[in-house]
Amino acid sequence: MQAECYPISMVPGTTKLFRDFAEVTAENARLLRRWYPHEPFSMAWAKHAPELSVEHRGQLADALREQVIEFGGGETALANVEKLRNGAAAVVTGQQVALFGGPLLTLLKAATAVRKAQDATGASGREHVPVFWLATEDHDLAEVDQVSLLTKQAVETIKLDLRADQPRPVGGIRVDDGSGALTAALERASELLEWAPVSDCLREFYGAPDATLASAFGRLLTRLFAKQGLVVMDASSRAFHALGAPVLRQAIERAEELEAALIARSEELVSAGYHAQVKVDSAMSLLFLISTNEAGEKVRLSLRRGAGDVWKAGKLELSSAELLAIVESEPERLSPNALLRAVFQDAILPTVAYVGGPAEVAYFAQSAVVYEKILGRVTPVLPRLSATLLEPAIAQTMAAHEVSLPQVFEAKTAGELAVRLGARAMPIEGKRKIAAVGNAMDAELGALTEYMTSMSADLGRAAGVSGSKMRYQMNRLRRMAAAFEAQKEASLKKHATAIMLNVFPDGHLQERLLAGVGFVAKHGEGLVELLVEHAGQECPGHRVISL
């Protein structure tokens, strides 16, 4: 199996902050180390595991063991829980509980956490365990109620069309609402997966009585990474929130201080030429309140600070004392936002490093100040494996046309890629004639513009404008010739369409759109081992992995 490594700056849509994080230069190193104190591409981060009390570890392990059993975990996962009980550190990652496991990036995150835990164990001599944190308290239902799979001609998105009148923690939402949508979705997904063994897992986990988005996702991920002993964790229960209660308490008691620190950090990011990933304003808080609506459903309401000692959540008004009482008696009713969640997580787990995607890494530049204020330390953040997986037929087609991944990204559409393939397929004689004319024209226009400029600056500018128009028309002729070649060779359009569909579907990164189970269906359990193998430190950018 072959792999290529490209700089992360080649990947479309990458933010400047993440590009600089992944490709540190002498010029930006000082600022980046202020926001990210730990070097992500060495093993130095493995030396920073926090210590937790024996009592805390015992309570954590008891709660995790219960969940591992609930998710159908085997002996390896249970053994990893016991390692955490006895002093192991955790390499943590997490993701929303998307339908049928969500996009490929879910597998890439889990594989990276597994690999980093293995590497840290070898480098430090201390046991490290991979943990996957389910983002079950998020309330963006539309984002998780879908999965995209490939047909032979297009990307097909499967949805359950689940409904929620108010923002609800998505993890507890049942996948079967009685409409028949789940049965249809499972049937269609199984067809697209060609009834591979993983489709049996989907029917078993999502078709189970009372299955929720969290329970089904947790069982699927546990099954896929059973050999690696991935510990899958849903922290929405009282047991876990009680362990993280000190963070919730400080988010209430030190709200103004945390707000000021976050605003200052946001301004610092902007002044350095970046942008704040999460908007921070006065009267904000880092918390949501979990309440119950008239239908008896849990809803997630944003908490904001009002005048005096008043906190508002929807129509509810509470004092700081009332919120602190909730922390003591019902801590699961308080939910951290994006900037507090990682801090909350790392108060519960002995986290030595967090594996995140580009957006999460960017969040850390802001949340680092919350870490410092509440925990007195900043957890190292590591980028997850970023990869495009090439099926054998697609890899062969790209090789035959001498097309690289950056060229696919640059083309953006199948039509544009077909034109580029047409330009390559043009007879040598035609290429030579077009090149000769273009080169001669450039040389003569350059000489003419230089002469006109010596006569008058205005004449020089006019010559430059005219020359640009002539070059545009020359490029237009090149494109017309390439398009004619592409139309003449029907296979070129077919090949361009297949490449684009598999590699850059609908103008999106493959890892962010196409379902991970689609690749598992074709390549079986060996895919997980392959991803773990490629999640090492060797490529700090984007990998192209030929399957």
Side-chain angles (χ1 to χ4, degrees), residues 3 5-8 17-26 28-52 76 79-80 83-84 86-94 107-133 225 227-231 342 345-346 349-358 360-365 367-368 371-372 375-387 528-543 545:
C5 181
Y6 292 98
I8 204 68
L17 181 55
F18 184 71
R19 288 198 305 272
D20 287 353
F21 170 84
E23 301 171 0
V24 176
T25 64
N28 61 30
R30 183 185 61 80
L31 268 180
L32 288 169
R33 287 297 159 258
R34 171 174 166 76
W35 303 329
Y36 302 100
H38 305 283
E39 165 59 51
F41 300 114
S42 73
M43 292 305 300
W45 54 266
K47 302 175 183 178
H48 296 277
E51 297 298 333
L52 300 177
T76 308
N80 278 341
K83 289 177 182 179
L84 289 171
N86 295 320
V91 176
V92 185
T93 191
L107 302 187
L108 300 181
K109 280 186 169 182
T112 308
V114 169
R115 176 60 184 269
K116 299 303 184 187
Q118 293 173 350
D119 291 346
T121 297
S124 69
R126 179 179 185 175
E127 290 284 358
H128 287 71
V129 171
V131 178
F132 196 102
W133 177 288
F225 285 85
K227 183 177 179 180
Q228 292 76 21
L230 182 68
V231 177
Q345 157 202 290
D346 294 344
L349 292 163
T351 308
V352 67
Y354 183 80
V355 173
E360 291 167 299
V361 170
Y363 287 166
F364 262 70
S367 63
Y371 268 103
E372 291 164 353
L375 297 185
R377 66 177 191 274
V378 179
T379 293
V381 59
L382 314 177
R384 65 161 169 81
L385 170 64
S386 179
V528 166
E529 295 179 6
L530 177 67
L531 297 181
V532 171
E533 176 187 342
H534 283 288
Q537 305 278 20
E538 299 85 2
C539 177
H542 185 84
R543 284 202 169 194
I545 303 173

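Numbering of residues begins at 1 and proceeds along the displayed sequence.
A89 and R126 get closest at one heavy-atom pair: N-NE, 4.1 Å. For the residue pair V129 and A88, the shortest heavy atom distance occurs at CG2-CB, 4.1 Å. The minimum heavy-atom distance between E23 and P7, with the atom names listed, is OE2-CB, 3.3 Å. Smallest separation of non-hydrogen atoms from M43 and A123: CE-CB, 4.0 Å. Taking every heavy atom of both residues into account, A120 and A46 meet most closely at CB-CB, 3.9 Å. When every heavy atom of I545 is checked against every heavy atom of A387, the shortest pair comes out as CD1-CB, 4.1 Å.
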Walk me through it: do H534 and R115 pass the test side-chain contact (heavy atoms from CB on, under 4.5 Å)? CA-CA 9 Å; H534 283 288; R115 176 60 184 269; over 6 Å; no

Apply the test side-chain contact (heavy atoms from CB on, under 4.5 Å) to residues L531 and L108: give CA-CA distance (whole Å), side-chain angles for both, the deciding distance (0.1 Å), then the verdict. CA-CA 7 Å; L531 297 181; L108 300 181; 3.9 Å; yes

Between Q118 and V532, does the side-chain contact (heavy atoms from CB on, under 4.5 Å) criterion hold? Intermediate values first, please. CA-CA 10 Å; Q118 293 173 350; V532 171; 3.9 Å; yes

Kindly indicate, with the supporting measurements, whether the criterion side-chain contact (heavy atoms from CB on, under 4.5 Å) is fulfilled by T76 and K227. CA-CA 7 Å; T76 308; K227 183 177 179 180; over 6 Å; no

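For the atom pair CG (L385) and NZ (K116), the distance works out to 9.0 Å, reported to the nearest 0.5 Å. A distance of 9.0 Å separates OG1 of T93 from CG of L230, quoted to the nearest 0.5 Å. Rounded to the nearest 0.5 Å, atoms CZ (R19) and CD1 (I8) are 10.5 Å apart. Annotation: the span from S124 atom OG to W45 atom CH2 amounts to 8.5 Å, rounded to 0.5 Å. The structure places NE2 of H128 at 12.5 Å from CG of N80, a figure rounded to the nearest 0.5 Å.
Looking at E533 and R543, no side-chain N of the basic residue comes within less than 4.0 Å of a carboxylate O on the acidic one, giving no salt bridge. In summary, E360 and R384 do not engage in a salt bridge, as defined by a charged side-chain N under 4.0 Å from a carboxylate O.
Checking side-chain atoms of K109 against main-chain N and O of G356 turns up no donor-acceptor pair under 3.5 Å. Remark: side-chain polar atoms of H48 are not paired, donor with acceptor, to backbone N or O of V378 under 3.5 angstrom.
The aromatic rings of Y354 and F364 lie parallel to each other, their planes meeting at an angle below 30°, with 60° marking the opposite boundary.
Counting only heavy atoms from C-beta outward, the side chains of Q345 and T379 never approach each other to under 4.5 Å. At a threshold of 4.5 Å between non-hydrogen side-chain atoms, the residues D346 and P50 do not count as touching. Contact check for L32 versus L17: side-chain heavy atoms found under the 4.5 Å cut-off. L84 has its side chain within reach of P350: a pair of non-hydrogen atoms, C-beta onward, lies under 4.5 Å apart. Counting only heavy atoms from C-beta outward, the side chains of T112 and L382 never approach each other to under 4.5 Å. Within the 4.5 Å cutoff, side-chain heavy atoms of V24 are placed close to those of R33. Using a 4.5 Å heavy-atom threshold, the side chains of Y36 and H38 count as separate. In this structure, P383 and F41 have side chains that are in contact, with non-hydrogen atoms separated by less than 4.5 Å.
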